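Inspection log for the structure reproduced underneath, given as structure tokens.
Chain identifiers are assigned alphabetically (A, B, ...) following the order of the sequence lines, protein sequences preceding nucleic acid strands; residue numbering begins at 1 within each chain. Just so it is clear, the structure is predicted and the values come from calculations on it, not from any experiment.
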Amino acid sequence: MAELKQFHSQIIRLGLSADNDAMGRIIKFSAVSESGELNYAQKLFDGIPQPDSFIYNIVIRGYLQAQLTRNCIQLYSQMLQASVTPNHFTFPPLVRACSVHNAVEEGKQVHAHILKFGFLEDGFSQNNLIHMYVNFHRLEEARRVFDKMPRRDIVSWTTLISGFSQLGFVDDAYKIFELVPQRNSVCWNCMIAAYVKSNRFKEAFALFERMLAEKVELDKLVAASMLSACTGFGALEQGEWIHQYIKSHGIELDPKLATSIIDMYCKCGCLEKASEVFNGLPHKAISSWNSMIGGLAMHGKGNAAIELLKDMERKSLAPDNITFVNVLSACAHAGLVKEGHHYFHYMTKVYKLEPKMEHFGCMVDLLGRAGLLQEARKLIDEMPISPDAGVLGALLGACKIHGEIDLGEQIGKQLIELEPHNSGRYVLLANLYANVGRWDDVANIRKLMNDRGVKKVPGFSMIELDGVVNEFIAGGRTHPHANEIYAKLDEMLESIRSAGYVPDTEELLHDIDGEDKKNPLKYHSEKLAIAYGLLKTKPGATIRITKNLRVCKDCHHASKLISKIFYREIVVRDRNRFHHFRNGECSCNDYW
DNA sequence: TTAGGGTTAG
């Protein structure tokens, strides 16, 4: 910038300060380059008697980059008033400004101008219009622009696909995707990511296979999306494959990608691999630290999570909000009440981070799980913000664990009205009633669910073998090896019975949040998945299961015994956390 | 000058 200012004074000396060519260059640098100064550009602009369209365009772009979208629109009006004709460089940033600024009326006017000035054939302007209407949540308009374009390019297609998927119309997005004449990796990734974001992992995997078959390059963004798919699905082998691919093809391991890999390993149950990647990073982004701390939290390694926070501080890195969410969650899962209290205050005292909803949620969970229900309630009452469903849900969960019926009933009723479509809330309240034998109330909740058309989420467990994910539902018989699996299951249960296993029939009576009322405990999906694992893996190999609900008491007990009798480590990821069953014990210390 | 990614409690 200093050199630029010198250059500017030379121009003044040469009497060129009214020369648009020379001034345009200086303004361009000041307005849009990284080391520029927008204020300076503005001052120069004001001193030019008759700026040309290039100068207007470049300052509009500068304003856009600085998020001063209002100024973009104003400058455009000024341009028209000065009778300077806009060209095809004028509209893309201008449309973008309307879009970012949510200026619907101005956007429509700019759209009309684009047509009036004859830019129907300009792909950049038209593509930006599609984007703008998507941003305004006006898909029909976006589609109309798309349909009227004389020549659509891959960006037009991808923008439209991403628009439909972002607004939740993933199936429509896919229909459009199928019509694209020549897809590049951005377009593939857009559709794959759409499936991943809506938790439709199988479709994401199927699309990925197709992409590879069509020999489209697997770039780092596709890799990142697929890592998320593996994370969501609990597909460790597939995730390892992607990681290997990244290494062997020299794909640059930028901080975001590294974080995705660490997160994948943590959430697929492999903390060792996650640490290995984490420790091997030359420059660790804060997100990498956060996902590693979060991983330790999920696996119940509270003290290790705290150690990592201290490590961060030793390296003079400032933890952020997310770091503390993860640290507090680590304390909650490990029952570290004292430490939790400490860090809850510490974050504000030392780092000036005001606790947000998530932090209160963690604290309520921490206190509630530890049985300190009154303290949890007091914290909620004293919160500076009004608690959301998550915070109240944490308290309700604690009431269920500790059989705190009065408080639980009150919170449960409140939650059901707050989130009338969340089946989990009804289930938890019904369970609370069931625990104390209030069967009429259980029936009432069931009826309320029926009347409101709220469906319970069906439970399922998954196990990945040779890169194939096998899914089980309670009592399901659709698996091609069903007979074999049920035989193994019976053998498995017989073995643990002789070691003292008694099915937890108490829970059976209450089994409303269990997997399926019609199917007895012995056919819970988790047990089926473990039986299949015992059948198909080598002796001594770790069995890894992912399930969508929380582990039930009976399955937890059975899994501990199976780990001992069959000499297997069993790693179960449930809705909340990981359980590592080993030699008759669980890493959660039965605290979950 | 236009399209794509990560870490957040229950």
Side-chain angles (χ1 to χ4, degrees), chain A residues 32 57-58 60-61 64-65 87-96 99 122-132 134 153-163 165-166 184-194 196-197 219-228 231 254-264 266-267 285-295 297-298 320-333 356-366 368-369 388-398 415 422 424-425 428 550 575-577:
Chain A
V32 299
N57 294 344
I58 209 71
I60 290 178
R61 229 174 91 200
L64 177 65
Q65 276 180 21
N87 61 21
H88 65 286
F89 283 104
T90 311
F91 292 109
L94 184 61
V95 172
R96 181 49 68 102
S99 168
D122 178 53
F124 285 96
S125 298
Q126 296 296 321
N127 289 341
N128 273 297
L129 282 174
I130 299 175
H131 193 108
M132 178 185 83
V134 166
D153 62 12
I154 188 63
V155 179
S156 330
W157 286 98
T158 310
T159 308
L160 196 64
I161 293 168
S162 122
S165 76
Q166 272 169 37
N184 62 12
S185 66
V186 178
C187 186
W188 280 98
N189 186 44
C190 174
M191 198 58 231
I192 291 174
V196 175
K197 281 200 193 107
D219 66 15
K220 67 175 174 179
L221 279 101
V222 177
S225 295
M226 285 313 297
L227 284 165
S228 288
T231 306
D254 66 30
K256 287 181 183 174
L257 192 56
T259 302
S260 301
I261 296 172
I262 293 166
D263 191 48
M264 182 276 292
C266 288
K267 294 196 177 132
I286 184 123
S287 62
S288 299
W289 287 89
N290 288 349
S291 58
M292 198 62 228
I293 292 174
M298 235 180 313
D320 65 5
N321 272 314
I322 298 174
T323 317
F324 283 104
V325 168
N326 290 343
V327 168
L328 294 175
S329 140
C331 295
H333 285 298
K356 298 203 293 186
M357 197 69 84
E358 296 86 335
H359 303 101
F360 283 103
C362 290
M363 280 311 282
V364 170
D365 184 39
L366 169 81
R369 238 192 260 259
D388 69 354
V391 175
L392 296 174
L395 185 57
L396 178 59
L415 261 174
N422 186 336
R425 311 296 188 199
L428 211 54
R550 294 180 64 171
R575 202 188 162 76
N576 271 338
R577 58 168 298 153

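Contact annotation for A:N321: no contact, since no heavy-atom pair falls under 4.0 Å across all strands. Using a 4.0 Å heavy-atom cutoff across all strands shown, A:R96 reaches sugar-phosphate atoms only and no base atom. Nucleic acid contact for A:T159: sugar-phosphate only, since backbone atoms but no base atoms lie under 4.0 Å from a heavy atom of the residue. Using a 4.0 Å heavy-atom cutoff across all strands shown, A:D320 reaches no nucleic acid atom at all. Residue contacts for A:V364: at a heavy-atom cut-off of 4.0 Å it reaches no nucleic acid atom on any strand shown. Among the atoms of the strands shown, none is found under 4.0 Å from any heavy atom of A:S156. Within 4.0 Å of A:D219, counting heavy atoms only, lies at least one base atom of the nucleic acid. Using a 4.0 Å heavy-atom criterion, one finds that A:S225 contacts no nucleic acid atom at all.
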Can you give me every donor-acceptor pair (side chain of residues 320-327 of chain A, partner residue at least two apart or in another chain, under 3.5 Å) with its distance?
| residue | atom | partner | partner atom | Å |
| --- | --- | --- | --- | --- |
| A:D320 | OD1 | A:N290 | ND2 | 3.1 |
| A:D320 | OD1 | A:I322 | N | 3.1 |
| A:D320 | OD1 | A:T323 | N | 3.0 |
| A:D320 | OD1 | A:T323 | OG1 | 2.8 |
| A:T323 | OG1 | A:N290 | OD1 | 2.6 |
| A:T323 | OG1 | A:D320 | N | 2.9 |
| A:T323 | OG1 | A:D320 | O | 3.4 |
| A:N326 | ND2 | A:N290 | O | 2.8 |

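If you check distances only, the side chain of A:N576 never reaches the base of B:dA9 with a donor-acceptor pair under 3.5 Å. Evaluation of atom-type donor-acceptor distances gives no pair under 3.5 Å for the side chain of A:N189 against the base of B:dG5. For A:N290 against B:dT7, a side-chain-to-base donor-acceptor contact under 3.5 Å is present.
A search for side-chain hydrogen bond (donor to acceptor under 3.5 Å, both in side chains) contacts involving A:S228 returns nothing, not counting sequence neighbours.
Taking atom CD1 on A:I130 and atom P on B:dA3, their separation rounds to 12 Å, with Å as the unit. To the nearest angstrom, C1' of B:dG4 lies 13 Å from CG of A:L257. As rounded to whole Å, 8 Å separates atom C1' of B:dG4 from atom NZ of A:K197. Between A:M191 atom CE and B:dA3 atom P the separation is 19 Å, expressed in whole Å. With rounding to whole Å, A:I154 atom CD1 is found 16 Å from B:dT2 atom P. Look at CH2 on A:W289: it is 19 Å from P on B:dT7, rounded to the nearest Å. Between A:R369 atom CZ and B:dA9 atom P there is a gap of 12 Å when expressed in whole angstrom units. Between the P atom of B:dT7 and the CG atom of A:L227 lies a distance of 10 Å, rounded to the nearest Å.
Closest to the side chain of A:P92, from the set B:dT1, B:dT2, B:dA9, is B:dT1. Which of B:dT1, B:dG4, B:dG5 sits closest to the side chain of A:R61 comes down to B:dT1. Considering only side-chain atoms of A:V186, the nucleotide from B:dG4, B:dT8, B:dT2 that sits closest is B:dG4. Between B:dT7, B:dT2, B:dA9, one nucleotide has an atom nearer to the side chain of A:V391 than all others, and that is B:dA9. Comparing B:dG10, B:dT7, B:dT2 against the side chain of A:T259 picks out B:dT7 as the nearest. For A:D365, taking side-chain heavy atoms from C-beta onward, the closest of the listed nucleotides B:dG5, B:dT2, B:dA9 is B:dA9. Of the candidate nucleotides B:dA9, B:dT7, B:dG4, B:dG4 has the atom nearest to the side chain of A:L221.
Of the possible polar contacts, none joining the A:D365 side chain to the A:G361 backbone as a donor-acceptor pair under 3.5 Å is found. Side-chain N or O atoms of A:S99 include none that pairs as donor or acceptor with a backbone N or O of A:V95 at under 3.5 Å. Between the side chain of A:R577 and the main chain of A:H333, a donor-acceptor pair closer than 3.5 Å is present.
OP1 and OP2 of B:dG4 both lie 4.0 Å or more from every side-chain N or O belonging to A:K256. Remark: A:H333 is in phosphate contact with B:dG10, judged by side-chain N or O atoms under 4.0 Å from OP1 or OP2.
With contacts defined as side-chain heavy-atom distances shorter than 4.5 Å, the pair A:L415/A:L396 qualifies. No side-chain heavy atom of A:L366 sits less than 4.5 Å from a side-chain heavy atom of A:L328.
Here A:F124 packs flat against the base of B:dT1; its ring centre is closer than 5.5 angstrom to the base's six-membered ring, tilted by less than 30 degrees.
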